[in-house]
Amino acid sequence: MELQIAIMENAAELETTQPFVIDSFLWGTESIPRTYGYLGYVPDDGFYLKMVCEEENPLRTYTEYQSPVCLDSAMEAFLMFGGGSDPEPVYLNLEANANGALLAEYGTERNGRIRFSREEGEAFGCRTGIRDGQWTLSLRLPLAVLDRIYGRKLDLQEGSRFSCNFYKVCETEGAGMHYASLFPVRSEKPDFHRPQDFGGAVLRKTAKLL
């Protein structure tokens with residue numbers, strides 16, 4: 001499976017794009033609240049993400065930037081650009097709970113990750129909302145941030161490819177602990193930091209709902 005990521009004129013078109021569904025249950029998880037999302041790209045601007053979880057009263061204890069939100073009910077996006085001549089491509093992890101507490105990092109593996117500054121964290125525009133038995137997460141990934149961490153201007157256009165995975169998680173026992181992903185994760189123990197298990201995504205002008 002390869003995600004078709006819509007090239008949009010503006011962020012208002014995001015929910016006209018094809019949604020993805022997180023339905024690969026991991027490490028003994030038998031079910032999760034229905035979780036899905038939308039990812040789109042605006043040229044010369046960046047990526048826009050919205051994720052939705054149909055969950056009543058999600059666990060949400062953390063309120064501060066760079067908190068370990070995976071211990072709460074969290075939705076997460078891992079994205080990797082570059083590749084090609086890069087021996088160990090950098091990937092980003094953006095994780096948030098229903099309070100809007102954001103954990104934002106980048107690096108080439110689980111260990112030694114670099115945390116984004118508070119200023120860059122604010123540029124992600126993390127917003128959450130809780131209503132009608134569900135909670136939502138909205139993020140913006142500016143091209144300026146990608147250009148900085150990859151050390152060059154990314155030439156993103158129709159047909160450009162990158163890798164990603166999306167997750168729903170709660171790592172607190174007794175609070176409905178669960179793990180799920182969009183693309184399957186092939187490890188014996190919980191570990192989302194596996195870029196080898198990211199799936200492919202391609203930018204398309206036609207990846208919208210009819």
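These values consider heavy atoms only, across backbone and side chains, with no hydrogens, waters or symmetry-generated copies. Remember, it's a predicted structure, so these values are computed and weren't measured experimentally.
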Checklist entry - Does the pair T35 and E54 meet the rule for a side-chain hydrogen bond (donor to acceptor under 3.5 Å, both in side chains), with working shown? => result CA-CA 6 Å; T35 304; E54 296 176 355; over 6 Å; no
Next on the checklist: Would you say the rings of W27 and Y167 are close, in the sense that their centroids are separated by under 6.0 Å?
Outcome noted: no
Next on the checklist: On a heavy-atom basis, which atom in L3 and which in C164 lie closest, and how many Å separate them?
Outcome noted: CD1-SG, 3.9 Å
Item to check | Closest heavy-atom pair and its distance - E64, A101 | outcome: O-CB, 3.6 Å
Checklist entry - With ring centroids as reference points, do F166 and F78 lie under 6.0 angstrom apart? => result no
Checklist entry - Considering residues, nucleotides and ligands other than R148, do more than 12 of their heavy atoms fall under 6.0 Å from its CZ? => result yes
Item to check | Nearest non-hydrogen partners of A98 and P58, listed with the distance | outcome: CB-CG, 3.7 Å
Next on the checklist: For a side-chain contact (heavy atoms from CB on, under 4.5 Å) check, start with the C-alpha distance between F47 and L146, then their side-chain angles and the critical distance, and finish with the verdict.
Outcome noted: CA-CA 10 Å; F47 288 86; L146 293 177; 4.2 Å; yes
Item to check | Verdict with reasoning, D45 to R140, per side-chain contact (heavy atoms from CB on, under 4.5 Å) | outcome: CA-CA 9 Å; D45 181 358; R140 171 178 175 257; 2.8 Å; yes
Item to check | Check: Y65 ring centroid to F124 ring centroid under 6.0 Å | outcome: no
Next on the checklist: For K168 and E55: C-alpha separation, side-chain torsions, deciding distance, then whether side-chain contact (heavy atoms from CB on, under 4.5 Å) applies.
Outcome noted: CA-CA 11 Å; K168 177 67 184 73; E55 182 178 28; 3.7 Å; yes
Checklist entry - Checking side-chain hydrogen bond (donor to acceptor under 3.5 Å, both in side chains) for the pair R194/N165: CA distance, chi angles, key distance, verdict? => result CA-CA 9 Å; R194 290 176 55 86; N165 212 343; over 6 Å; no
Checklist entry - Is the number of heavy atoms from other residues, nucleotides or ligands under 6.0 Å of E9 CD greater than 12? => result no
Checklist outcome for this item: Shortest non-hydrogen pair, V69 vs A74, comes out as O-CB, 3.4 Å
Checklist entry - Are F198 and Y91 near enough that their ring centres are under 6.0 Å apart? => result yes
Checklist outcome for this item: For R161 and R204 the tightest heavy-atom approach is NH2-NH2, 4.0 Å
